2 protein chains.
Amino acid sequence: MLTERKRQILRAIIDDYVIHAEPVGSRYLVDKYKLGVSSATVRNEMSELEELGYLEKPHTSAGRVPSDKGYRAYIDLLLDLKPVSQTDQDKIESFFNDHMNEVTDLVRQSANVLSEQTNFPSLVISPRYSDTSLEQIKILMIEPGKALVVVVLSPGIVKDRMIRIPHEIKQDDLHLISRIIEQKLSGQKLDQITLITISAAAEDVPVPEALLNQVLFEAYVSIKQAENIELYIQGTHRLLNHPEFQELTLARSFLDTIHQEGIVAGYMSEWESMNADLELTETNNPEEIEQLERTRREQPYLKENPSYMVRIGQEITLKGLEECSFITAAYKITNKITGRIGVIGPRRMEYGNIISQINFINYTLDQQIMELASGYDRKEDINGKEKEEQA
Amino acid sequence: MLTERKRQILRAIIDDYVIHAEPVGSRYLVDKYKLGVSSATVRNEMSELEELGYLEKPHTSAGRVPSDKGYRAYIDLLLDLKPVSQTDQDKIESFFNDHMNEVTDLVRQSANVLSEQTNFPSLVISPRYSDTSLEQIKILMIEPGKALVVVVLSPGIVKDRMIRIPHEIKQDDLHLISRIIEQKLSGQKLDQITLITISAAAEDVPVPEALLNQVLFEAYVSIKQAENIELYIQGTHRLLNHPEFQELTLARSFLDTIHQEGIVAGYMSEWESMNADLELTETNNPEEIEQLERTRREQPYLKENPSYMVRIGQEITLKGLEECSFITAAYKITNKITGRIGVIGPRRMEYGNIISQINFINYTLDQQIMELASGYDRKEDINGKEKEEQA
DNA sequence: TTTGGCACTCGGAGTTAACGAGTGCTAAAA
DNA sequence: TTTTAGCACTCGTTAACTCCGAGTGCCAAA
């Protein structure tokens with residue numbers, strides 16, 4: 001059972017450890033945090049906190065260090081989310097300039113900012129586009145033998161890809177092909193489009209079948225490629241700035257894991273489909289549960305920003321990252337289509353600050369995406385009338 | 001003056017040091033490399049090599065370590081370039097698959113292979129496109145307010161960019177605009193195209209000026225963006241695999257420098273405009289010079305592959321990288337338009353092997369680019385007749 | 001010119017001792 | 001019942017010291 005004083009002590013220990021990276025002792029604690037009791041009292045409390053699983057001792061004669069459970073409780077119960085400073089807000093906003101007209105750029109840029117603001121490596125995954133639908137497909141002749149396929153997905157996402165085509169194919173053929181595919185398939189979910197559907201759609205096009213098939217195949221690949229989940233990792237080098245990675249065997253296993261793109265991407269995207277946070281610390285003390293729930297209700301940020309998620313230490317089920325924490329938030333392209341942006345680092349993180357930063361960056365990113373979607377809208381424009389001209 | 005025996009000893013020392021990363025002593029050397037003389041003799045030779053500047057002592061009672069000049073001599077005089085093993089060749093070739101239809105992809109992929117093959121971080125810069133010319137520009141309506149600008153440069157390079165446009169603009173307008181820009185500006189060098197030239201070119205287009213100007217501006221930005229030099233860095237994490245970077249202060253300063261994109265890109269691209277390698281070791285002994293030159297003439301790889309370049313230690317003028325070596329080769333998109341691909345790591349490198357690898361990868365990349373440029377050419381294709389249909 | 005011999009250097013590994021921050025426990029005080 | 005002062009004990013860290021051995025430089029003999 002966490003009494004108020006225990007919480008206070010737990011918070012103080014974590015706050016301090018997070019900054020200094022050294023086990024914190026009872027004497028130091030009362031001195032520095034004016035706890036108003038003697039070190040002996042604190043020692044007793046700490047001993048109990050340890051028994052409850054919130055703290056650990058590196059060895060007998062050292063101070064205490066938070067455990068996974070300790071961090072978890074800190075985040076769920078004790079977290080004090082301060083607003084991001086105006087300076088930081090300005091800095092973050094200034095990173096997004098007006099020349100970024102693609103969601104991809106915005107998202108990648110967010111990863112940059114996030115890494116820079118937090119001094120940790122950042123990760124972003126693109127949304128899962130497979131259940132969005134095809135809106136347009138254009139095939140643009142670049143030169144004989146070479147064309148550009150432009151695929152537009154329903155939320156306004158544009159992807160393109162160079163293809164090689166038979167020399168015999170003319171611009172008009174491409175036009176025809178793409179128009180007919182678009183006519184027949186636009187509106188279909190991406191994951192329902194197959195080579196067969198496409199071939200069927202274009203069967204009447206008056207182009208020799210051998211040539212046609214090659215173009216269709218490339219078009220198909222382009223569509224499939226559009227639904228690939230993309231992962232960006234930024235700022236891995238900042239890892240070395242943190243003392244837990246002086247031990248370069250750790251740093252190495254971290255980097256090795258992180259660079260196996262598939263693994264992390266898989267993990268994150270699987271995660272994305274969940275929408276509830278982990279259950280809190282496992283406890284079957286009803287009183288404690290009640291208290292946790294109450295606190296949760298009272299933490300406004302959890303309501304205002306239900307999108308952030310924290311995984312601590314063992315909660316991350318990827319080998320090589322058991323000593324890490326992973327903080328992410330979901331950004332949205334539409335209400336249904338969301339990706340995830342986050343940082344990863346040692347468990348010893350300034351959770352409050354980092355969560356605030358990530359929330360704010362995420363918020364800004366959402367804004368930017370919305371603004372993008374809302375179309376051209378410059379200040380110097382006379383945009384009194386709103387147009388609804390659909391093609 | 002480097003006698004044959006001195007060379008032999010220098011080579012042995014470097015060969016050994018490069019592998020074991022430990023100062024090599026005289027006794028060990030005669031044992032292992034069967035030099036056929038006593039350790040005392042070798043000691044004398046080593047002492048002289050040190051006086052000549054080819055070797056250094058970490059401290060009195062340690063063995064010798066190569067100096068920058070030592071490595072330089074090794075590369076210029078002693079290098080033994082073995083062909084890349086068949087296994088490696090196969091591996092490298094298998095990295096390039098048939099679905100990469102853009103030079104950018106090929107180049108980036110080369111960086112991956114290179115890093116993987118050498119176990120060092122790799123760097124690539126794109127060519128300087130500013131003195132290539134504009135070939136095509138297309139503006140494709142995606143939806144009201146949003147369009148895709150596709151810029152094709154003379155060597156067949158395609159770049160595109162989303163832009164936002166006034167809602168009033170229609171597909172036909174875009175067509176008109178892009179066609180007229182293309183008509184008037186195609187063939188012009190990129191760096192001669194300015195906002196003014198573009199505006200002048202499009203002055204007769206029957207679109208309200210305010211709207212037109214916005215589109216022109218975006219088109220201009222797109223063209224300018226196409227000439228940006230791009231830099232890719234891959235595999236920085238492999239740095240930690242090398243003992244010189246255990247000292248993470250080194251690793252950090254390295255990574256910090258490398259991640260200041262502007263700096264390295266600037267350095268590499270400036271370098272690209274040079275086409276001669278550094279002068280050899282500074283010596284004014286005419287005999288020595290003569291010998292160096294002769295050796296150089298006799299090193300066939302320097303002739304066959306004049307494109308690779310090595311910078312060792314202090315020869316790199318970027319702060320933070322004084323302890324590194326930088327090996328690069330020039331890949332070509334056309335004979336005039338070249339970029340650079342390379343690896344960077346500690347001075348202690350297996351130069352012979354790495355240069356071979358880089359040469360081979362570079363060669364493969366050139367092949368792939370050529371093949372791309374030659375257009376569609378599948379095996380199952382009946383490509384008996386060669387077409388020359390220009391648009 | 002080469003080589004065996006020998007004194008000398010110096011970093012690294014291992015040992016020991018002192019230090020001190022921190023704990024746990026007990027008994028007295030509040 | 002809770003808090004606190006006191007004290008013995010633990011244990012990692014640091015510094016000083018020693019020893020070892022790989023390696024050098026130099027000299028005198030081959």
Side-chain angles (χ1 to χ4, degrees), chain A residues 1-10 12-17 19-67 70 243-244 246-247, chain B residues 1-10 12-17 19-67 70 243-244 246-247:
Chain A
M1 160 72 200
L2 282 184
T3 62
E4 181 52 33
R5 193 170 65 191
K6 280 200 181 56
R7 292 184 187 204
Q8 194 188 356
I9 290 175
L10 181 58
I13 290 176
I14 294 183
D15 283 344
D16 201 87
Y17 180 66
I19 294 174
H20 298 107
E22 264 160 29
V24 357
S26 54
R27 174 86 174 260
Y28 170 85
L29 211 58
V30 292
D31 279 9
K32 175 138 179 208
Y33 291 85
K34 314 281 176 225
L35 297 184
V37 290
S38 77
S39 66
T41 312
V42 173
R43 260 198 305 282
N44 291 332
E45 294 284 49
M46 282 163 91
S47 165
E48 283 173 53
L49 279 169
E50 186 180 353
E51 240 164 59
L52 291 168
Y54 295 101
L55 295 179
E56 289 169 356
K57 270 192 298 213
H59 55 89
T60 329
S61 73
R64 297 305 206 297
V65 152
S67 65
E244 19 278 289
Q246 309 293 44
E247 194 73 37
Chain B
M1 162 71 201
L2 282 185
T3 62
E4 182 52 34
R5 194 168 67 191
K6 280 201 181 55
R7 293 184 186 204
Q8 195 189 355
I9 290 175
L10 181 57
I13 290 176
I14 294 184
D15 282 344
D16 201 87
Y17 181 66
I19 295 174
H20 299 106
E22 264 160 29
V24 355
S26 52
R27 175 83 172 264
Y28 171 84
L29 211 58
V30 292
D31 279 8
K32 177 141 178 205
Y33 292 85
K34 313 280 179 230
L35 297 184
V37 289
S38 77
S39 67
T41 311
V42 173
R43 263 200 301 284
N44 290 330
E45 294 284 49
M46 283 163 91
S47 166
E48 284 173 51
L49 280 168
E50 186 179 353
E51 241 163 57
L52 290 168
Y54 296 100
L55 296 178
E56 287 169 357
K57 270 192 301 212
H59 55 89
T60 328
S61 73
R64 297 304 206 297
V65 153
S67 65
E244 18 278 289
Q246 309 294 43
E247 193 72 37

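All values below come from the heavy atoms of this structure, side chains included, with hydrogens, waters and symmetry mates left out. Because the structure is predicted, anything quoted here is derived from the model rather than measured.
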Using side-chain contact (heavy atoms from CB on, under 4.5 Å) as the criterion, list what pairs up with A:Ser38, not counting sequence neighbours. A:Ala40, A:Thr41
Using whole Å, what does the distance between atom P of nucleotide D:dA22 and atom NZ of B:Lys32 come to? 16 Å
C:dT2, OP1 or OP2 - any side-chain N/O from B:Thr41 closer than 4.0 Å? no
Where along nucleotides 23-30 of chain D does protein come under 4.0 Å, by heavy atom, of base (B) or sugar-phosphate alone (S), with - for untouched nucleotides? SBBB----
Results of side-chain contact (heavy atoms from CB on, under 4.5 Å) for A:Glu56 - residues two or more places apart only: A:Ser67
side-chain contact (heavy atoms from CB on, under 4.5 Å) partners for A:Thr60, two or more places apart: none
Whole-Å distance, B:Glu22 CD to C:dG12 C1', equals 12 Å
Please output the side-chain donor-acceptor pairs of residues 20-27 of chain B that fall under 3.5 Å, not counting sequence neighbours, one pair per line with the distance.
residue: B:His20; atom: ND1; partner: B:Asp16; partner atom: O; Å: 3.4
residue: B:His20; atom: ND1; partner: B:Asp16; partner atom: OD2; Å: 3.2
residue: B:Ser26; atom: OG; partner: B:Arg43; partner atom: NH1; Å: 3.2

For atom NZ of B:Lys6 and atom C1' of C:dT2, their distance in whole Å: 14 Å
How many Å lie between CG on B:Asp31 and C1' on D:dA22, as a whole number? 13 Å
Pick the nucleotide of DNA chain C nearest each of B:Pro58 and B:Glu45; which residue has the one closer to the 5' end? B:Glu45
Would you kindly give the NE2-to-P distance between B:His20 and D:dA22, to the nearest whole Å? 16 Å
The criterion is side chain to side chain donor-acceptor pair (under 3.5 Å); which residues satisfy it with B:Glu48, sequence neighbours excluded? B:Lys6
So which of B:Glu50, B:Glu51, B:Glu45 actually passes salt bridge (charged side-chain N to carboxylate O under 4.0 Å, His left out) with B:Arg64? B:Glu50
Find the distance A:Asp16:CG to C:dA21:C1' and express it as a whole number of Å. 15 Å
